[in-house]
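Before any comments, here is the structure.
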Amino acid sequence: MKKRQLASITLAALLLAGCGASASTTAEGASAAVSTVETAPAATEAPAEEPAALPDGVYTAEFKTDSSMFHASEAVDGMGTLTVENGVMTFHVSLQSQKIVNLYLGMAADATNHESDWLQPTVDTVTYSDGTSDEVYGFDIPVQAVDTDFQLAILGTKGTWYDHTVSVADAQPAADETAAPAETPADGSYTCAVTLEGGSGRATVESPAALTVADGAMTATIVWSSPNYDYMLIDGEKYLPTNTEGNSTFEIPVAALDTALAVTADTVAMSTPHEIDYTLTFDSATLTAAE
């Protein structure tokens, strides 16, 4: 009888030991399973992309504003000159008049307390399509980034500051005015396409024009679309028509091909004679020996 009781006690002890070991193993397994779970790192917001900086140089760019009363002069077609030097950008724009006397880079409410930061005007001479010119105010505006809106306050002649949102957009490399002109062709007679710019846009000249080269000097025959031009001025020299009937015809010197030649033509078509500024450009790619 005592042997049976001892055997029962021993069996029970073994069963309890087995259960404890099983529970312990299960707990350790669960703990191991938990320890292998990786925690994903917290999501971070990507930094804002910086606008691409322009290389040092000179560009033409559009001056965009939020107001029809504040804009670049129509004589410059809403454009200005963006200069980048050592990574610092400055935009020069000629406005439509002298009625805006100061600019402030920021909000109007802050302008009065930062007078030393007011942008001062320059006096710019602009020439309109009809040949007339005017003196307007221009400003050099610091620019942090192109194609990006920024705040620019303006001060008018009445002494009140106004807020505006502007941007300098679509910057394009400026034409290289220092590029070497096309070579003067050999002595002879040629024809060459010529482009007229300026004035009201109604006048034209015949193209191609006759071009003569003698002793390395070029002379072009310019035939206007009107008989009403009585003289032309080039570098202060007056040239008279070579004809008395038909459209006004002139023989004028040409300093270089592919380079705008500034000329002034006087017309008597109006109530009083009127001098109008133009440019003539002769395209070397179209130069052809005359037959």
Without swapping roles, check the side chain of [X] against the backbone of [Y] for a donor-acceptor pair under 3.5 Å.
{"X": "T286", "Y": "A193", "result": "yes"}
{"X": "D277", "Y": "A262", "result": "no"}
{"X": "D163", "Y": "A108", "result": "yes"}
{"X": "S248", "Y": "S226", "result": "yes"}
{"X": "T191", "Y": "P208", "result": "no"}
{"X": "D66", "Y": "T165", "result": "yes"}
{"X": "S167", "Y": "A169", "result": "no"}
{"X": "Q96", "Y": "M69", "result": "yes"}
{"X": "S133", "Y": "T127", "result": "no"}
{"X": "D283", "Y": "A285", "result": "yes"}

Shortest non-hydrogen contact from [X] to [Y]?
{"X": "F63", "Y": "V93", "value": "CD2-CG2, 3.9 Å"}
{"X": "H164", "Y": "S67", "value": "CE1-CB, 3.5 Å"}
{"X": "A171", "Y": "A61", "value": "CA-CB, 3.9 Å"}
{"X": "H71", "Y": "S68", "value": "CD2-O, 2.8 Å"}
{"X": "N228", "Y": "A269", "value": "ND2-CB, 3.6 Å"}
{"X": "E206", "Y": "V194", "value": "O-CG1, 3.4 Å"}

Original post:
Are the aromatic rings of W118 and F139 close, with centres under 6.0 Å apart?
Top reply: no
Check the surroundings of atom [atom1] in [X]: do more than 12 heavy atoms from other residues, nucleotides or ligands lie under 6.0 Å from it?
{"X": "Q120", "atom1": "CD", "result": "yes"}
{"X": "Y162", "atom1": "OH", "result": "no"}
{"X": "Q144", "atom1": "CD", "result": "no"}

ILVMFWY cluster, [X] and [Y] together (side-chain gap under 4.5 Å):
{"X": "V143", "Y": "V58", "result": "no"}
{"X": "V76", "Y": "V123", "result": "no"}
{"X": "Y190", "Y": "I252", "result": "yes"}
{"X": "Y239", "Y": "V268", "result": "no"}
{"X": "L233", "Y": "V254", "result": "no"}

Within the 4.5 Å heavy-atom criterion, are [X] and [Y] side-chain neighbours or not?
{"X": "L280", "Y": "V205", "result": "yes"}
{"X": "F250", "Y": "M232", "result": "yes"}
{"X": "Y229", "Y": "I222", "result": "no"}
{"X": "Y278", "Y": "T264", "result": "no"}
{"X": "F91", "Y": "T81", "result": "no"}
{"X": "L211", "Y": "M218", "result": "yes"}
{"X": "D147", "Y": "V168", "result": "no"}
{"X": "V101", "Y": "Y137", "result": "yes"}

Subject >> Candidate pair L261 and T281, rule side chain to side chain contact (heavy atoms under 4.5 Å, CB included), full reasoning >> reply: CA-CA 6 Å; L261 173 64; T281 305; over 6 Å; no
Original post:
Only one of L257, T195, L287 forms a side chain to side chain contact (heavy atoms under 4.5 Å, CB included) with F282, so which one is it?
Top reply: L257
Original post:
In a check of side chain to side chain contact (heavy atoms under 4.5 Å, CB included) between L95 and each of V136, I100, V126, I154, which one passes?
Top reply: I100
Measure the [atom1]-[atom2] distance between [X] and [Y] for me, rounded to the nearest 0.5 Å.
{"X": "T204", "Y": "L196", "atom1": "OG1", "atom2": "CG", "value": "7.5 Å"}
{"X": "Y59", "Y": "Q172", "atom1": "OH", "atom2": "CD", "value": "10.0 Å"}
{"X": "L119", "Y": "D140", "atom1": "CG", "atom2": "CG", "value": "8.5 Å"}
{"X": "Q151", "Y": "D110", "atom1": "CD", "atom2": "CG", "value": "10.5 Å"}
{"X": "D170", "Y": "L82", "atom1": "CG", "atom2": "CG", "value": "11.5 Å"}
{"X": "E74", "Y": "D134", "atom1": "CD", "atom2": "CG", "value": "10.0 Å"}

Subject >> Derivation of the side-chain hydrogen bond (donor to acceptor under 3.5 Å, both in side chains) call for S284 and D258 >> reply: CA-CA 6 Å; S284 64; D258 301 328; 2.5 Å; yes
**OP:** Applying side chain to side chain contact (heavy atoms under 4.5 Å, CB included), run through T267 and I276 and close with a yes or a no.
**Re:** CA-CA 8 Å; T267 178; I276 302 175; 3.9 Å; yes
**OP:** Just do the side chain to side chain contact (heavy atoms under 4.5 Å, CB included) check on T212 and E251 with the steps written out, would you?
**Re:** CA-CA 10 Å; T212 302; E251 290 184 353; over 6 Å; no
Original post:
Should M89 and T83 be marked as a side chain to side chain contact (heavy atoms under 4.5 Å, CB included) after you check the CA-CA gap, both sets of side-chain angles, and the distance that decides it?
Top reply: CA-CA 6 Å; M89 295 188 291; T83 302; over 6 Å; no
